[in-house]
Amino acid sequence: MKVVVVGAGYAGTLAANRIAKKVKSANITVINPRPDFVERVRLHQQVAGTAVATTPLASMLRESITVRVGSVDKIGDGIVALGDGTDIGFDYAFLAVGSGVEPIPGAVPMGTWEGAEHARVALAALEPGSTVTVIGGGATGIETAAEVAEARPDLRVRIVGTRVAGGFSHRAFERVRGGLQRLQVDILDDGVTDVADGIVHLRSGAELASNLVLWAIVSGVPGLAARSGLTTDAEGRAHVDAYLRSADDERIFVVGDCAAVPGARFACALAAPQAAHAADCLARLSAGRKPVPYRLRYVARAVTLGRKDAVGQFTRPDDTLRRAYVAGRTAALLKELASRGGKFGAQRSAGA
Ligand SMILES: Cc1cc2nc3c(=O)[nH]c(=O)nc-3n(C[C@H](O)[C@H](O)[C@H](O)COP(=O)(O)OP(=O)(O)OC[C@H]3O[C@@H](n4cnc5c(N)ncnc54)[C@H](O)[C@@H]3O)c2cc1C
């Protein structure tokens with residue numbers, strides 16, 4: 001059985017390893033633009049110089065899996081077409097191309113390895129007293145602003161978002177903002193209209209001079225599904241059935257950020273269980289058994305505030321917020337363990 005996995009992030013890597021383990025007849029090819037696995041949850045650390053976010057795919061994937069470095073232009077009719085003009089046939093495919101970032105001109109994108117590298121180099125070149133503006137009041141923005149402020153206390157760091165930390169309940173919200181303030185991060189609840197000549201223009205009319213502007217809003221997914229004629233939602237995520245197969249083609253499983261699973265947000269915490277579930281569905285199908293429907297379940301949402309502080313807010317399975325939260329060093333340790341678990345779960349030595 002020929003299986004092609006498109007994208008080697010958390011979902012694709014885990015899916016490939018799990019299929020290799022569970023479906024002995026599978027001949028698996030993984031296609032990814034880089035020869036590395038990028039730990040996206042550490043890209044803010046890469047920017048601040050507190051971690052390296054890449055690991056060679058060769059050390060992440062089981063030896064039986066073939067890695068092809070390239071980008072897929074189209075998928076369908078049992079074929080993936082690569083940008084270099086070659087086609088690879090499949091019996092089953094896994095679409096796991098993740099999500100993207102669409103920065104406004106003048107801002108450096110967070111959320112991709114290339115953007116993070118650009119930001120790391122630019123940050124390292126900043127003189128003491130320079131100003132960094134992080135755009136985006138969600139988890140990526142908060143983690144980026146905090147990490148940069150902790151690593152470079154000689155800089156002035158500010159975060160701008162329509163409601164910074166708005167995804168947390170009242171007490172956790174206050175705690176996240178308190179953690180940012182402790183790191184001397186200025187918080188501006190405002191929208192950004194544009195960035196020009198080093199000036200960030202806000203909806204309120206304010207103008208902020210900035211030596212480096214980071215765009216820390218993850219949005220949209222690569223256009224592959226839409227380009228291939230698969231049915232997609234407004235963000236470009238491919239519609240799936242109860243077993244995480246494309247609504248248009250039962251041979252294509254769609255997992256991770258690029259899957260339009262009702263109620264799902266962009267999260268490594270969802271990408272991994274989806275990939276595991278879809279791989280198990282394929283294993284069941286290949287054994288002549290019926291697949292089991294996928295059930296979305298949330299546990300918590302969390303942000304790091306530098307290396308020694310974090311806030312973790314517990315959620316109900318449907319992602320609505322519980323009152324309970326943990327903060328401080330304990331939360332930072334739990335978040336670090338979760339980040340390590342995300343990578344460990346995907347790699348070849350794990351149960352995957
Ligand atoms: C700074 C930061 C912090 C984060 N923190 C958290 C967190 O604490 N908890 C959490 O749950 N989530 C977090 N996230 C979100 C999390 O990183 C993503 O939800 C997760 O990476 C999604 O996994 P994925 O496998 O679907 O996609 P990705 O990890 O994005 O992997 C997709 C892969 O597909 C490849 N690809 C794309 N297009 C093509 C193509 N055409 N052909 C071939 N390959 C292609 C990409 O290069 C990439 O390797 C964070 C994100 C960022 C940026």
Side-chain angles (χ1 to χ4, degrees), residues 43-44 47-48 99-112 115-116 118-120 122-123 125-220 234-235 265-267 301-306 309-311 313 319 321 325 327:
L43 285 177
H44 59 300
V47 172
S99 50
V101 261
E102 291 152 8
I104 54 175
V108 180
M110 292 292 305
T112 64
H118 182 159
R120 183 184 67 76
L123 185 72
L126 289 183
E127 301 282 342
S130 303
T131 302
V132 178
T133 301
V134 178
I135 302 173
T140 304
I142 293 165
E143 294 197 333
T144 303
E147 199 77 25
V148 169
E150 187 174 83
R152 290 289 308 270
D154 58 319
L155 302 177
R156 183 170 178 208
V157 181
R158 63 167 79 96
I159 181 168
V160 185
T162 41
R163 187 161 179 260
V164 176
F168 289 84
S169 70
H170 184 66
R171 281 164 59 218
F173 166 83
E174 297 289 355
R175 179 62 180 77
V176 173
R177 290 169 73 108
L180 287 169
Q181 281 155 354
R182 180 183 58 75
L183 291 165
Q184 313 283 323
V185 176
D186 295 330
I187 302 172
L188 285 96
D189 293 308
D190 206 334
V192 173
T193 53
D194 72 290
V195 179
D197 301 325
I199 307 288
V200 180
H201 298 264
L202 303 187
R203 262 187 221 135
S204 61
E207 296 183 348
L208 311 169
S210 195
N211 302 94
L212 177 62
V213 182
L214 301 177
W215 183 264
I217 302 169
V218 176
S219 63
E235 294 219 69
R265 54 182 160 81
F266 294 148
R301 55 178 67 179
V303 285
T304 53
L305 297 162
D309 192 14
V311 176
Q313 163 113 55
D319 205 29
L321 302 175
Y325 74 95

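These numbers come from a predicted model, not from an experiment.
Going from atom CG of Asn211 over to atom CZ of Arg156 covers 11.0 Å, rounded to the nearest 0.5 Å. If you take CG on Leu180 and CD on Glu143, they are separated by 10.5 Å, rounding to the nearest 0.5 Å. One finds the OG1 atom of Thr140 at 8.5 Å from the NE2 atom of His44 (value rounded to the nearest 0.5 Å). A distance of 12.0 Å separates CZ in Arg163 from CZ in Phe168, rounded to the nearest 0.5 Å.
For the pair Gln313 and Phe173, the minimum side-chain heavy-atom distance is 4.5 Å or more. Between Leu208 and Val160, the closest side-chain pair of non-hydrogen atoms falls below 4.5 Å. Side-chain contact check for Asp319 versus Arg301: some heavy-atom pair is nearer than 4.5 Å. Proximity of Gln181 to Ile187: side-chain heavy atoms (C-beta onward) are separated by under 4.5 Å at one or more points.
Put simply, the side chain of Glu235 gets close to the backbone of Gly220: a donor and an acceptor are under 3.5 Å apart.
Counting non-hydrogen atoms of other residues, nucleotides and ligands closer than 6.0 Å to NE2 of His118 gives a total of 12 or fewer.
Comment: Asp309 engages Arg175 in a salt bridge, judged by a side-chain N to carboxylate O separation of less than 4.0 angstrom.
Under the 3.5 Å distance criterion, with hydrogens and angles disregarded, a donor-acceptor pair is assigned to the side chains of Arg158 and Thr133.
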